[in-house]
Protein chains: 2
Amino acid sequence: MNFTTSEENHIKCIYHLQQVTGLVNTNSLAAEMQTRPASVTDMLKKLKAKKLLHYERYKGFKLNEAGKKAALDVVRKHRLWEFFLVEKLKFDWDKVHPIAEELEHINSAELIQRLDNFLGNPSFDPHGDPIPDKHGKIPVINQQNLSTVTLKKMLTVSSVTNQSVQMLEMLKHYNITLGSQLMVLKKFEFDESLEIKVLKQSPCIISEQVAKNVFVQYV
Amino acid sequence: MNFTTSEENHIKCIYHLQQVTGLVNTNSLAAEMQTRPASVTDMLKKLKAKKLLHYERYKGFKLNEAGKKAALDVVRKHRLWEFFLVEKLKFDWDKVHPIAEELEHINSAELIQRLDNFLGNPSFDPHGDPIPDKHGKIPVINQQNLSTVTLKKMLTVSSVTNQSVQMLEMLKHYNITLGSQLMVLKKFEFDESLEIKVLKQSPCIISEQVAKNVFVQYV
DNA sequence: TATTATTTTTAGATTTGTCTAAATTTATTT
DNA sequence: AAATAAATTTAGACAAATCTAAAAATAATA
Ligand SMILES: [Mn+2]
Ligand SMILES: [Mn+2]
Ligand SMILES: [Mn+2]
Ligand SMILES: [Mn+2]
């Protein structure tokens, strides 16, 4: 089936929310979409008519299989374009989201398939988020939040959830990028900050706020 | 200023029509846009309000300087994306138009600048049409229609105006692509067909219909 | 449990882009 | 010049996506 840009944006947003909460409610979707609860209700009726979600009024909603498939298709396009923008056009990672937010709505299966091949069928976008394949299959990643990790074990940075300029600035300062190797030396109970050692650099301290946005894998 | 997708499509279409006719009229724009004359009139009011064209009702219309600038910006984006699709994603040239028709509406000056650089600042799109630079400047080309050319002079194919699968099939059969070298040996008065010799191939005959869509430069 | 607060939906309006049918203007023929 | 034809515009309608304000349902609290 074919969806409008607005429908695709809503579907994708519901998908992300239901990953966290299971069932999604009207106000949270409205907040996330920067729109009004009344507008969300309108859209829910359309998406229900297209049989993309389970929805009973006043009771919350979530995507069914068809809805999840549609969401993953948009996510795939979004992340492939982000990869293109960073790897080929040399954008900084904090600039690509709004552009990918538009590119993801270009509908051409052949375009995306060719783009995927051109990019070398990448598995992760520039933020470390997995890129679903054309069937909606997502590579499994065994990652863990940096703030919950065992001390003195070697780690690799696999993704970063906050993708703002500010975050990029911080990570650049610490010389951390996706794939960086590091180890947590100590956790300070006072403010939950961490002393870490990035490979080939002297130890430094990062705040709990930073740590909570960084995900890692054990090497 | 920022324009809607529909506005951009209309502006671009007016630009192409006025290249040929000077002044454009409602019916031709409606025909070209596959829409209704009444819808064109509606759009003209909007574009006039945005000060993009000279328009007096019942008298025809044409873009002013601001309108031409806006049109060239869309043309630039369209042709850069077409170049990307053919050169990088290996699309056949007859498949790229509808996709570029959508990509051209992604609005990000930085995206287009980076794309332009990534592609090596090309001057011509896959159909041989010139790509305006970011100021709207178009490379001058001294090309001539193949059907009006001097006999027995060496020529280079510089552009092809019909971009259908059918045309691509014909040209592939004759082994002609952009940049091919050829020479017209004889013009048959009976049906205006041409005997041509493509470099390294034996002479053959092409119809007037084909010739009229092929533009060349003297070597 | 009754009252109050929060969440969600409905009712009705607005904007954009399009359409059809009818009216108007301009162009072309007798 | 009058009649006819063609082009163009207007009037009024509709669908999509959004909004505000009010009503209804549900949740939280006294
Ligand atoms: Mn989007
Ligand atoms: Mn991303
Ligand atoms: Mn377009
Ligand atoms: Mn082209």
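Proteins get letters first, then strands, A, B, ... in listed order; numbering begins at 1 in each. These numbers were taken from a predicted model, which means no experiment stands behind them. Only heavy atoms go into these numbers, but all of them, side chains included; no hydrogens, no water, no symmetry mates.
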Within this structure, what is the [atom1]-to-[atom2] distance between [X] and [N], rounded to whole angstrom?
X: A:Leu47; N: D:dA17; atom1: CG; atom2: P; value: 10 Å
X: A:His105; N: D:dA16; atom1: NE2; atom2: P; value: 18 Å
X: B:Leu23; N: D:dA7; atom1: CG; atom2: P; value: 15 Å
X: B:Lys59; N: C:dT24; atom1: NZ; atom2: P; value: 18 Å
X: B:Asn27; N: C:dA27; atom1: CG; atom2: P; value: 13 Å
X: A:Lys48; N: C:dT9; atom1: NZ; atom2: P; value: 11 Å
X: B:Gln34; N: C:dC19; atom1: CD; atom2: P; value: 11 Å
X: B:Leu29; N: D:dA7; atom1: CG; atom2: P; value: 15 Å

Check this one for me: any side-chain N or O of [X] less than 4.0 Å away from OP1 or OP2 of [N]?
X: A:Lys46; N: D:dA17; value: yes
X: B:Thr35; N: C:dG17; value: no
X: A:Arg57; N: C:dT10; value: yes
X: B:Thr4; N: C:dG17; value: yes
X: A:Tyr55; N: C:dT9; value: yes
X: B:Lys45; N: D:dT10; value: yes
X: B:Ser6; N: C:dT18; value: yes
X: B:Arg36; N: C:dT20; value: yes

With a non-hydrogen cut-off below 4.0 angstrom, is [X] in contact with a base, only sugar-phosphate, or nothing?
X: A:Thr41; value: base
X: B:Phe61; value: nothing
X: A:Asn25; value: sugar-phosphate
X: A:Ser39; value: base

Counting distance alone, no hydrogens or angles: does the base of C:dT7 have a donor or acceptor under 3.5 Å from a partner atom on the side chain of A:Tyr58?
no
Have B:Gln163 and B:His97 got a donor and an acceptor in their side chains that come within less than 3.5 Å?
no
Does the distance from a Lys or Arg side-chain N to an Asp or Glu carboxylate O, for [X] and [Y], drop under 4.0 Å?
X: B:Lys212; Y: B:Glu208; result: yes
X: A:Glu169; Y: A:Lys172; result: no
X: A:Glu110; Y: B:Lys95; result: no

Would you call the rings of B:Trp81 and A:Trp81 parallel, tilted or perpendicular, taking 30° and 60° as the class edges?
perpendicular
Hey, which sits more toward the 5' end of DNA chain D by its nearest nucleotide, A:Ala38 or B:Ser28?
B:Ser28
Looking at A:Phe118, is A:Lys88 sitting on its ring face, NZ or CZ under 6.0 Å from the six-membered ring centre and within 45 degrees of the normal?
yes
